[in-house]
**Student:** 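Can you keep this structure in mind? I'll have questions shortly.
Reckoned from all heavy atoms, side chains included, excluding hydrogens, waters and symmetry mates.
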Amino acid sequence: MTATVTRDEFEDVKELLASAARYAESANARLDRVAAQQELNTSAIALLGERQDRTQQQLDVLAIKLDRLGDRVDQLTERVDQLTERVDQLTERVDQLSTQVSELSITVESLAQQAVQDRSQAEIDRAEFRSTVTQLLEVLTQQFNGNGRSEG
């Protein structure tokens with residue numbers, strides 16, 4: 001059996017082959033584009049890797065700085081605690097001194113009042129003393145008439 005190919009069948013096969021060739025060219029072009037895109041992606045991934053390395057280095061530096069900052073914050077907290085304790089002690093001392101000043105103020109006021117009373121009493125005593133001296137002088141003057149003799 002021999003198969004004879006008709007012209008129409010030959011043309012159909014020819015068109016199918018041409019279509020297959022176009023499809024293959026199109027697929028090759030797409031593969032070329034995918035390969036180019038893959039190269040771009042590989043380059044981008046390499047750049048991202050470099051950037052990630054730099055970012056990691058920066059993060060490492062930042063972690064060190066944060067550790068130092070944490071240490072400084074701890075030191076500052078300790079100093080603030082010490083200052084707070086000292087302020088509390090000073091406040092207590094000021095309260096004690098304030099109490100002592102109040103007590104001294106009361107004592108000074110009491111002494112001032114006593115001094116006023118003493119001055120008043122001294123003034124009264126001086127007046128009585130003057131009166132007594134004046135009375136004595138009058139009595140003596142009456143008893144002695146000025147020449148040393150008693151009139152009696």
Side-chain angles (χ1 to χ4, degrees), residues 1-140:
M1 233 203 204
T2 59
T4 57
V5 177
T6 65
R7 181 148 183 84
D8 286 340
E9 291 174 332
F10 178 76
E11 285 298 322
D12 286 344
V13 169
K14 185 176 162 185
E15 282 182 36
L16 283 174
L17 287 174
S19 175
R22 282 192 305 273
Y23 180 77
E25 285 179 18
S26 173
N28 281 339
R30 278 186 250 147
L31 283 174
D32 289 343
R33 284 193 302 263
V34 166
Q37 186 63 46
Q38 185 175 357
E39 285 181 31
L40 289 174
N41 290 344
T42 302
S43 296
I45 288 171
L47 285 174
L48 285 174
E50 291 173 11
R51 288 180 181 167
Q52 185 177 2
D53 290 344
R54 281 186 293 207
T55 302
Q56 186 59 48
Q57 289 171 351
Q58 290 172 343
L59 286 173
D60 292 344
V61 168
L62 183 59
I64 291 169
K65 287 181 180 180
L66 283 175
D67 287 342
R68 289 180 187 159
L69 184 60
D71 291 343
R72 288 181 182 165
V73 167
D74 290 344
Q75 291 172 354
L76 181 61
T77 300
E78 186 177 320
R79 285 183 177 173
V80 167
D81 290 345
Q82 290 171 352
L83 285 174
T84 301
E85 186 176 323
R86 289 189 73 187
V87 165
D88 289 345
Q89 291 171 352
L90 286 173
T91 300
E92 185 178 321
R93 184 67 181 138
V94 165
D95 289 345
Q96 290 172 352
L97 289 174
S98 177
T99 301
Q100 290 174 352
V101 165
S102 294
E103 291 170 357
L104 285 175
S105 177
I106 291 169
T107 302
V108 167
E109 286 179 23
S110 174
L111 290 174
Q113 289 175 356
Q114 185 65 41
V116 167
Q117 289 175 356
D118 289 349
R119 276 190 234 122
S120 296
Q121 187 61 46
E123 193 64 39
I124 291 169
D125 290 347
R126 276 195 296 276
E128 288 178 0
F129 181 72
R130 280 189 197 122
S131 174
T132 302
V133 169
T134 303
Q135 289 173 359
L136 281 173
L137 189 59
E138 286 177 12
V139 168
L140 287 174

**Student:** Under a 3.5 Å threshold, yes or no: a donor from one side chain and an acceptor from the other, between Gln56 and Asp60?
**Tutor:**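 Asp60 and Gln56 do have a side-chain donor-acceptor pair below 3.5 Å.
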**Student:** Does the side chain of Gln75 come under 3.5 Å of the side chain of Asp71 through a donor N or O and an acceptor N or O?
**Tutor:**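 Checked: Gln75/Asp71 side chains show no N/O donor-acceptor pair below 3.5 Å.
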**Student:** Could you grab the distance from atom CD1 of Ile45 to atom CD of Gln38, nearest 0.5 Å is fine?
**Tutor:**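 CD of Gln38 is found 9.0 Å from CD1 of Ile45.
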**Student:** Taking only residues two or more places apart in sequence or in another chain, which ones pass side chain to side chain contact (heavy atoms under 4.5 Å, CB included) with Leu83?
**Tutor:**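 Leu83 satisfies side chain to side chain contact (heavy atoms under 4.5 Å, CB included) with no residue once adjacent residues are dropped.
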**Student:** Is a side-chain donor or acceptor of Ser110 paired with a backbone partner of Ile106 at a separation under 3.5 angstrom?
**Tutor:**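 Checking the backbone N and O of Ile106 against the side chain of Ser110, no donor-acceptor pair under 3.5 Å is found.
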**Student:** Mind checking what makes side-chain hydrogen bond (donor to acceptor under 3.5 Å, both in side chains) contact with Gln96, not counting sequence neighbours?
**Tutor:**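 By the side-chain hydrogen bond (donor to acceptor under 3.5 Å, both in side chains) rule, Gln96 matches Arg93.
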**Student:** Roughly how far, to the nearest 0.5 Å, is the CG atom of Leu59 from the CD atom of Gln52?
**Tutor:**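 Reported value, rounded in 0.5 Å steps: 10.0 Å.
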**Student:** Do any N or O atoms from the side chain of Ser98 and from the backbone of Val94 form a donor-acceptor pair under 3.5 angstrom?
**Tutor:**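 A pair under 3.5 Å: no.
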**Student:** List in chain and number order the residues that pass side chain to side chain contact (heavy atoms under 4.5 Å, CB included) with Ser102, two or more places apart in sequence or in another chain; answer none if no residue qualifies.
**Tutor:**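 If we apply the side chain to side chain contact (heavy atoms under 4.5 Å, CB included) test to Ser102, skipping adjacent residues, there are no hits.
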**Student:** For the pair Arg126 and Glu123, find out whether any cationic side-chain nitrogen is under 4.0 Å from an anionic carboxylate oxygen.
**Tutor:**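 Salt bridge between Arg126 and Glu123, a charged N being under 4.0 Å from a carboxylate O: yes.
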**Student:** For Asn41, enumerate each residue passing the side chain to side chain contact (heavy atoms under 4.5 Å, CB included) test, keeping only those at least two apart in sequence or located in another chain.
**Tutor:**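 Asn41: side chain to side chain contact (heavy atoms under 4.5 Å, CB included) contacts with Gln37.
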**Student:** Donor-acceptor pairs under 3.5 Å, side chain of residues 10-17 to any protein atom, not counting sequence neighbours: which ones?
**Tutor:**
none

**Student:** How long is the span from the OG1 atom in Thr42 to the CG atom in Leu47, to the nearest 0.5 Å?
**Tutor:**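 Here the interatomic distance stands at 11.0 Å.
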**Student:** Is the shortest side-chain heavy-atom distance between Leu69 and Lys65 below 4.5 Å?
**Tutor:**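 A side-chain contact is absent here, since even the closest heavy-atom pair is not under 4.5 Å.
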**Student:** Which value, rounded to the nearest 0.5 Å, describes the distance between Gln113 atom CD and Asp118 atom CG?
**Tutor:**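 Going from CD on Gln113 over to CG on Asp118, the span is 11.5 Å.
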**Student:** With rounding to the nearest 0.5 angstrom, report the CD to OG1 distance, Gln100 to Thr107.
**Tutor:**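 Gln100 CD to Thr107 OG1: 11.5 Å, rounded to 0.5 Å.
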**Student:** Can you find a side-chain donor-acceptor pair between Ser26 and Arg30 that sits under 3.5 Å?
**Tutor:**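 The criterion, which ignores hydrogens and geometry beyond distance, is satisfied for Arg30 and Ser26.
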**Student:** What pairs with Thr134 under side chain to side chain contact (heavy atoms under 4.5 Å, CB included), at least two apart in sequence or on another chain?
**Tutor:**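 By the side chain to side chain contact (heavy atoms under 4.5 Å, CB included) rule, Thr134 matches Glu138.
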**Student:** Would you indicate whether the side-chain heavy atoms of Glu78 and Asp81 approach each other to under 4.5 Å?
**Tutor:**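 No. Closest side-chain heavy atoms not under 4.5 Å.
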